[in-house]
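Values below: all heavy atoms of this structure, side chains included; hydrogens, waters and symmetry mates excluded. Within every chain, numbering begins at 1; the chains are lettered A, B, ... in the order of the sequence lines, protein sequences first and strands thereafter. Bear in mind the structure is a predicted one, so any value in this text is a computation, not a measurement.
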There are 2 protein chains.
Amino acid sequence: RCNKSGNGDRAEVGTVLKLFADRGYISLEQADEEVPMRGVSCWYAPLGAELKRNLLEKWWDSVVNSRAQVFGVNTPSCTLDRGTGAELVHVKKIDTKNMREILEQNDLSSEQLIQQVNALLQRSLSLRTDFVQGALEQFVPSSELVNRRLPFGLAETGLCFLVPSNGSGWPAAFTQTSLVWFCSPRTSSQWLDYWTRQRLQWWKKFALCPSDFSSSDIPEKDLDPPASRGVKICYNFPWGPEPLEILWSRGDAELLQAHNGVHSKLQCRDGRKSVPHVVTVTANMDRAVMAFLFNSLQHQTREDSKRKLHQRKVLKLHPVLTPMKVAVDIGRGSTMELRQVCEGLLQEFLDSKISTWPGYLETMPTSLEQLTARYDEMGVLFTTVINENTLENGLLQVRSRDTTIRETMHISEIKDFLYRYISAAQQD
Amino acid sequence: RCNKSGNGDRAEVGTVLKLFADRGYISLEQADEEVPMRGVSCWYAPLGAELKRNLLEKWWDSVVNSRAQVFGVNTPSCTLDRGTGAELVHVKKIDTKNMREILEQNDLSSEQLIQQVNALLQRSLSLRTDFVQGALEQFVPSSELVNRRLPFGLAETGLCFLVPSNGSGWPAAFTQTSLVWFCSPRTSSQWLDYWTRQRLQWWKKFALCPSDFSSSDIPEKDLDPPASRGVKICYNFPWGPEPLEILWSRGDAELLQAHNGVHSKLQCRDGRKSVPHVVTVTANMDRAVMAFLFNSLQHQTREDSKRKLHQRKVLKLHPVLTPMKVAVDIGRGSTMELRQVCEGLLQEFLDSKISTWPGYLETMPTSLEQLTARYDEMGVLFTTVINENTLENGLLQVRSRDTTIRETMHISEIKDFLYRYISAAQQD
């Protein structure tokens, strides 16, 4: 089932990105077309925004909600620069009004100018490049919540900032998920293995082609001290592999540094007392959105009853991730009456938290074939068409994206059918 | 039921903030104590982080998920400055490495220096102060999704940045929710009223003391052009009212500006064709967290069986908002065995998405009275205690935060009991 589109050709990648834009996932108007390939925040149109929300929710379910010993925290995105690390001070938020006021003082010598600009830089805030520092600083009150028993973890998701290392571009932002896991020194290597397994499983679980997701140890020469081991989970994009999630075993040096080396505040128990070691798990959810989009797009060829070949493009996103579970459309019949039925059905779906595409709002005349082709490309799981038949006997047709089969169902049954289908997919 | 704590005295506010910190909502170690009062991101400890998540989720459910015509989008937090508005350019993200390189060139005259710093400022990115500009730029592709029929809306939540207007402080970040609603010119005033009603209802729905939430028209002299009307929803904090959510009726000027005045791209239909008017609804979710915390803290006095008076502090957060629905604790009996039962029960709760406090991890000897007092202050809805009785006959005690009643229940029934209770609260 892995006959995906695209093989790395830049033009082909462009065609695929254009498809994602046409189908409401990303918006390419405001930025150059390569932004979505860089693993930074791009313009997400409604379906892309919903896909990203779904991914973030599933990550949180898997790492936080289903575990007793992982707690969410929320740390400020900018902090006073306390010289805690070189990485942190690269990107700064500066009040440009102040800066301009300095620059407009014409009578300053260049030394005075440098002094004042430097003072402003010092007064400015640093924007975080990851959530690790915040979690380290939250360690003491959090460890008290669990009575200083190891292991436990602190999780956070949100915006982080970066300056592209290739020097090419602008500082940019991306959405990161982060788990900072505190454990006893002797178990840190096992925990790194545990989290690698867990996380890789999670990525593969939602994949159409799981083999495109893989993990590999980071070679010793690429380790950033104080990290003693690192693992990368990569996705094999058409243009090459890119890291989605990175795991580090980092020892206790940074934790000690964040607390001025005061061992007594940090000691926890897991059998014996010790200052915990830190394992971090951080993923880039903007890259994750693109990975699942590329992973799910499938080219299918099928023969119809007249032996004609048809090309079909389907975005086979996992039922849990796909932004729209069902579309409600109008077939033949009195538009006014059918519209009312559509609105009622849509509201029923929304009340059951089934995300629904209001296809009946699109009043352009399209053939049913064009319609299903478009919904396949959008990844909509089921399509329902309300027509004059429905008004007569309550029956409607439900088409499945994955089987292409059309089933006839009574309008009173469809909500429960969808609800059961989605719940079953959640359980897997 | 509105006998809340605190009456505006700064020392009393400090005591309440300290309580929120002690009970795992906020962290006051890293910042000065007034940060949580300023409506900016502060350090959220686990319970505060979860409360904020719950609020954001409920906002999204109410504004996006339950409506056919509101779509989520996700726009970049920083954009190249295109001179679109004075507000936007106040806060800038600057690559400090480049800045330092400029400052370290000793041989520059002050004119050259000013020139280079200015050039760097121009090349820097602007950080958004709200989501409105992003939604306006996303208007054209989004309107095509709904076949250019009005009304419809674009929603987004996340970090925005601000420079405090009182000039006192640092640039800061806060979490904003934003709805940008496009409607026909003749209906914009009605829609402003509609959304004001909807939003005020939402705030009051989750409040213990609804009267502390109120809406008022913004006086004409305070209107920012091009806004023609504005409404504020405020919370009456002990130190005075502060705005939680602001609604503006803004006309079409900004939409036209964002699309270079090209009317034809913007025209939509609602009966007749027109360039839509814009109504915006933006809330500050960091301030919302503090509003619900202050709103929910209740002082109760009760008499015990010996006619002694007891003071009780209860954080009566709405069941839907409260971060921990249930705590699992250990009573008398063999710790090893009881612990296993606790772990099993906790996992059962988590699997049903019932957020659970692992009280049994706290092995310090505390009296049951101290325990319930602490859980009341945390706002934990139900407390279960597993003891040697449970091992014998499967029965355990469940105590309710709101009624203080202890019920005996079989261990096999409690999950369904909690699930039903929470589901019922969601429906209200």
Side-chain angles (χ1 to χ4, degrees), chain A residues 24 27 29-30 41-46 48-50 52-53 65-66 68 71-78 89-97 99 103 108-110 113-114 117-118 121 125 127 137-138 141-142 145-147 149 158-159 161 163 170-171 173 346 350 353 358 361-364, chain B residues 24 27 29-30 41-46 48-50 52-53 65-66 68 71-78 89-97 99 103 108-110 113-114 117-118 121 125 127 137-138 141-142 145-147 149 158-159 161 163 170-171 173 346 350 353 358 361-364:
Chain A
S27 179
E29 278 183 30
Q30 290 94 344
S41 289
C42 65
W43 291 81
Y44 294 99
E50 183 74 13
K52 189 167 158 184
R53 283 183 70 84
N65 288 345
S66 60
F71 303 96
V73 288
N74 196 199
T75 62
S77 60
C78 37
V89 297
H90 273 2
V91 184
K92 286 217 177 187
K93 220 170 71 177
I94 285 173
D95 184 343
T96 34
K97 222 166 63 186
M99 182 68 96
L103 296 179
L108 290 184
S109 73
S110 61
L113 203 61
I114 290 180
V117 172
N118 261 326
L121 283 181
L125 296 179
L127 290 170
E137 294 189 29
Q138 279 281 57
S142 311
L145 288 179
V146 292
N147 201 23
R149 283 174 82 98
L159 275 187
F161 298 84
V163 178
W170 311 100
L346 177 118
L350 294 183
K353 310 219 171 195
L361 292 177
E362 172 79 67
T363 50
M364 309 280 256
Chain B
S27 180
E29 278 182 31
Q30 291 93 343
S41 289
C42 65
W43 290 80
Y44 294 100
E50 182 75 13
K52 190 168 160 185
R53 285 184 68 85
N65 287 346
S66 60
F71 303 96
V73 289
N74 198 198
T75 62
S77 59
C78 37
V89 297
H90 273 3
V91 184
K92 286 217 175 188
K93 222 170 70 177
I94 285 173
D95 185 343
T96 34
K97 222 166 62 186
M99 182 67 97
L103 296 178
L108 290 183
S109 73
S110 63
L113 203 61
I114 290 179
V117 172
N118 261 326
L121 283 182
L125 295 179
L127 290 170
E137 294 188 28
Q138 278 281 57
S142 311
L145 288 179
V146 291
N147 200 23
R149 283 174 82 100
L159 274 189
F161 299 84
V163 179
W170 311 101
L346 178 120
L350 294 182
K353 310 219 172 195
L361 292 177
E362 172 79 66
T363 48
M364 309 280 255

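Across all their heavy atoms, A:S27 and B:Q138 have their closest contact at OG-OE1, 3.2 Å. Here the shortest heavy-atom pairing between B:L346 and A:A68 reads CD2-CB, 3.0 Å. Across all non-hydrogen atoms, the minimal contact from A:P46 to B:V73 is CD-CG1, 4.1 Å.
Expressed to the nearest 0.5 Å, how far CZ of B:R149 lies from CG of A:L361 amounts to 6.5 Å. Separation of atoms OH (A:Y44) and OG1 (B:T75) is listed at 11.5 Å; rounding is to 0.5 Å.
In this structure, chain A has heavy atoms under 4.5 Å from both the backbone and the side chain of B:L145.
Interface remark: of the candidates B:C42, B:G24, B:G48, B:C42 forms the most heavy-atom pairs closer than 4.5 Å to chain A. Counting heavy-atom pairs under 4.5 Å between each of A:S142, A:S41, A:G72 and chain B puts A:G72 at the top. When the candidates A:R53, A:K353, A:E50 are compared by the number of heavy-atom contacts under 4.5 Å with chain B, A:R53 comes out ahead.
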